[in-house]
Number of protein chains: 2
Amino acid sequence: MLRLTKKADYGLMALKYLAEHPETPALSAKDVADAYGIPAQLLAKILQRLTKTGLLRSHAGMNGGYALARDPRQISAFEVIRAIDGPLFITSCTKGTKACELTPSCTIKEPLARVNETIAGVLKSISIQDLAEQEHAAGKAREAHGLVALTP
Amino acid sequence: MLRLTKKADYGLMALKYLAEHPETPALSAKDVADAYGIPAQLLAKILQRLTKTGLLRSHAGMNGGYALARDPRQISAFEVIRAIDGPLFITSCTKGTKACELTPSCTIKEPLARVNETIAGVLKSISIQDLAEQEHAAGKAREAHGLVALTP
DNA sequence: GAAAGCCCGACAGAATCGGTCGTATACTAA
DNA sequence: TTAGTATACGACCGATTCTGTCGGGCTTTC
Ligand code: FES
Ligand code: FES
C-alpha cells in the first residue's frame, strides 16, 4: 500500500528509544544505532535533521549526544515523518513546488487530498509517548477520528 | 508524506472515467488515455492488471475495450490501489513474504501497522462512485471513521 | 591537547518507478 | 477470408528515489 521510508522508521525508533530513557541526559547516535542494529552513520544524519527541525537537542563532546527537546507527549509521529521524509503527499503530483502537468484533467486529486488529510490527522494523534507504551496507541488513534476535519 | 504511485493514480482516474460513462458498453484504453493525456500503453497495462484482478471486464476486437465488472459503488479505492501497487504496507519492513531482519528489535512496527489499518479502512470506504461525484466523498470518509476497527 | 562526540555535504550502489517496444492473441466487420 | 481493431504479456531501459558510506570540520569535555 503506502510505504514509509526506512529513514523515517529509524527516526521513530530512535525517538522512542530516547523516550524510554528519560533519566539519561543524552544518548549518542552510536548508542541508539547499536541498540537496534541499524547503520550508525545513517542514524546520525537522521538525528541531525531532527535536531535542526527542533525535535531534538544535541550536545557535543564527551558524554554528549541527543535528547528529546520536548515532552514525548508533545512530539507527534507526523512531525517526525515530515521532518525526515519531507512534506510529501499521497497524490504523486502535488510534490512541493511544481504541480503535476495534467492537474486540470485529473479530477481524482481533490478527494485523495482529503484522504491525505485524514492520514495526517491520525499520524498527528500518535505521540512518541504512545509508541513507548504501545498499549494506548490504538485508543489514541480511535479518539482522533472525530477530530479530523474532512469537510472543507 | 505518503506517496501513491502514478500508476495507481492513473488507475483510479480511468475507473472514475468508466464510472462516468455507464451508457457505453466499453471504452478502449486509448480512449481513456487520450481523455486524460496519459501514456496509452502504460494505461493499457494498468487496465490489464485490473482486469486480471476482476475489477474490470475486457473485450477484444472492434468496439471492444474495458468496462467495470461491478457497480461503481462496490469498487473501493483500496482494491484498485492494492491491485496495482500490490499489498505494500506503511512499515518499510513488512513487505510481502520476507519480514525485516531487525523485526525483533523494532517495536515501532506494531503501532504503525495499526495506522496502516486505519488508512486501509479509509481507502476502503471510498468507492469509485464517490470519486465520480466528488461532493459526497468527504462525507463518506467521515462516516467510515466509526467503522474502522483499531482495537485488536 | 586529545578524545568523544556532533555537523554536513558529496557520492555511489541498489531498488523502485515510469514508460516504451515488440509480439502474440482475440474478436469484429466487411 | 481477410483486414483492422483491440487486448495480453513480457522484456527492457532511462529516471528517480532510497539507502548507506566516506571524508573532512567543528565543539565540548577531560
Ligand atoms: S496525476 Fe497529477 S493531478 Fe492526478
Ligand atoms: S524496520 Fe523492520 S520492523 Fe521496523
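As a basis for the values below, the full set of heavy atoms in this structure was taken, side chains included, without hydrogen atoms, waters or symmetry mates. Every chain is numbered from 1 and lettered A, B, ... according to where its sequence line falls, protein lines coming before strand lines.
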For atom [atom1] of [X] and atom [atom2] of [N], their distance in whole Å:
X     : N      : atom1 : atom2 : value
A/R49 : C/dG9  : CZ    : C1'   : 12 Å
B/L50 : D/dT7  : CG    : P     : 13 Å
B/K6  : D/dT17 : NZ    : P     : 10 Å
A/N63 : C/dC6  : CG    : C1'   : 14 Å
A/K45 : D/dG24 : NZ    : C1'   : 14 Å
A/D9  : D/dT19 : CG    : C1'   : 13 Å
B/L56 : D/dA8  : CG    : C1'   : 14 Å
B/Q48 : C/dG22 : CD    : C1'   : 14 Å

Comparing B/A40 and B/G61 on DNA chain C - which has the more 5′ nearest nucleotide: B/A40
Any N/O donor-acceptor pair, A/K7 side-chain to D/dT17 base, under 3.5 Å: no
Polar pair under 3.5 Å, donor/acceptor by atom type, side chain B/K52, base D/dT7: no
Whether [X] contacts [N] is assessed here as follows: a side-chain N or O lying under 4.0 Å from the phosphate OP1 or OP2. Is that the case?
X     : N      : result
A/R3  : C/dA15 : no
A/H59 : D/dT29 : yes
B/S28 : D/dT5  : no
B/Y10 : C/dG18 : no

B/N63 atom CG, over 12 foreign heavy atoms within 6.0 Å: no
Residue met sooner reading DNA chain D from 5', once A/Q41 and A/M62 are mapped to nucleotides: A/Q41
Pairwise 5' ranking along DNA chain D for A/A60 and A/A8, keeping only the more 5' one: A/A8
Heavy-atom side-chain contact between A/R82 and A/E79 under 4.5 Å: no
B/R57 side chain reached by B/T51 side chain, heavy atoms, under 4.5 Å: no
CA sep, side-chain torsions, deciding dist, call: A/M13, A/K16, side chain to side chain contact (heavy atoms under 4.5 Å, CB included): CA-CA 5 Å; A/M13 288 162 70; A/K16 180 201 158 178; 5.7 Å; no
A/I81/A/L123 under side chain to side chain contact (heavy atoms under 4.5 Å, CB included): CA gap, chis, key distance, verdict: CA-CA 9 Å; A/I81 295 170; A/L123 252 23; 4.0 Å; yes
Sugar-phosphate only, base, or nothing, as touched by A/A44 at under 4.0 Å among non-hydrogen atoms: nothing
